[in-house]
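Written out below as structure tokens is the structure these notes cover.
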Amino acid sequence: AQSVTQLGSHVSVSEGALVLLRCNYSSSVPPYLFWYVQYPNQGLQLLLKYTSAATLVKGINGFEAEFKKSETSFHLTKPSAHMSDAAEYFCAVGGSAIYFGSGTKLNVKP
Amino acid sequence: ETGVTQSPTHLIKTRGQQVTLRCSSQSGHNTVSWYQQALGQGPQFIFQYYREEENGRGNFPPRFSGLQFPNYSSELNVNALELDDSALYLCASSSRDSGRGETQYFGPGTRLLVL
């Protein structure tokens, strides 16, 4: 079985501060891991995907995530938050079917 | 390149009715997956269609059914609607032939309200 756990349903940072959104996975096979972003009243947009090619994955909009097998983690980071980053972020695991976490809402304060 | 589109955008139904949601996949994609996203939750996998056949199903009852057409567009049908079926229904398309872990591209969703 595959699943992910996102720690923190709400995260608030100041504009320009580091963004860190936490995700831990559970998988009996080498996982494919994803981060998606959802803006209000919209669908999901892929930020980045881990497919075992490299442990540090760079995505769109300045986001990146590091796969750590020893910690079963795939945390999402961005060095400097922008107001436009305010959205809900979902970590997910899977192959043909994707299993999502419960999401983390990111608030960016001016 | 046309992205994933879904129709309708919003829908209101009453308990016990039936509903059909539609999805047009992205050009070149042969796989469609459907997800249900209840308010305040992450999307949950309903089922997936690959070349017109169901290719995996999540923990949803049989009253949730689907179709995929030769042009790879898809329908999600829900019979005997219940209040808990109120949610955002997301369709995602991908290209199975690109290998495992293929990227799924999501449509904007259909928001269903059951009264």
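Treat the numbers as computed from the prediction; the structure is a model and nothing was measured. Per chain, numbering begins at 1; letters A, B, ... match sequence-line order.
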Portion of [X] that has a non-hydrogen atom of chain A nearer than 4.5 angstrom:
{"X": "B:Gln48", "result": "side chain"}
{"X": "B:Gln6", "result": "neither"}
{"X": "B:Tyr35", "result": "side chain"}

Tell me if the centroids of the rings in [X] and [Y] come within less than 6.0 Å of each other.
{"X": "B:Phe47", "Y": "B:Phe45", "answer": "no"}
{"X": "A:Phe67", "Y": "A:Tyr50", "answer": "yes"}
{"X": "A:Phe34", "Y": "A:Phe100", "answer": "no"}

Establish, from distance only, whether the side-chain atoms of B:Asn77 and B:Thr20 form a donor-acceptor pair under 3.5 Å.
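Their side chains do contain a donor-acceptor pair, which is all the 3.5 Å distance test asks for.
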More than 12 non-hydrogen atoms from neighbouring residues, nucleotides or ligands closer than 6.0 Å to NZ on B:Lys13, yes or no?
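Yes, because the 6.0 Å sphere around NZ of B:Lys13 holds more than 12 heavy atoms from other groups.
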Measuring heavy-atom distances to chain B, does A:Gln38 have an atom under 4.5 Å in its side chain, in its backbone, in both, or in neither?
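Only the side chain of A:Gln38 comes within 4.5 Å of chain B.
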Between A:Leu46 and chain B, with a heavy-atom cut-off of 4.5 Å, which part of the residue counts as in contact: side chain, backbone, both or neither?
side chain
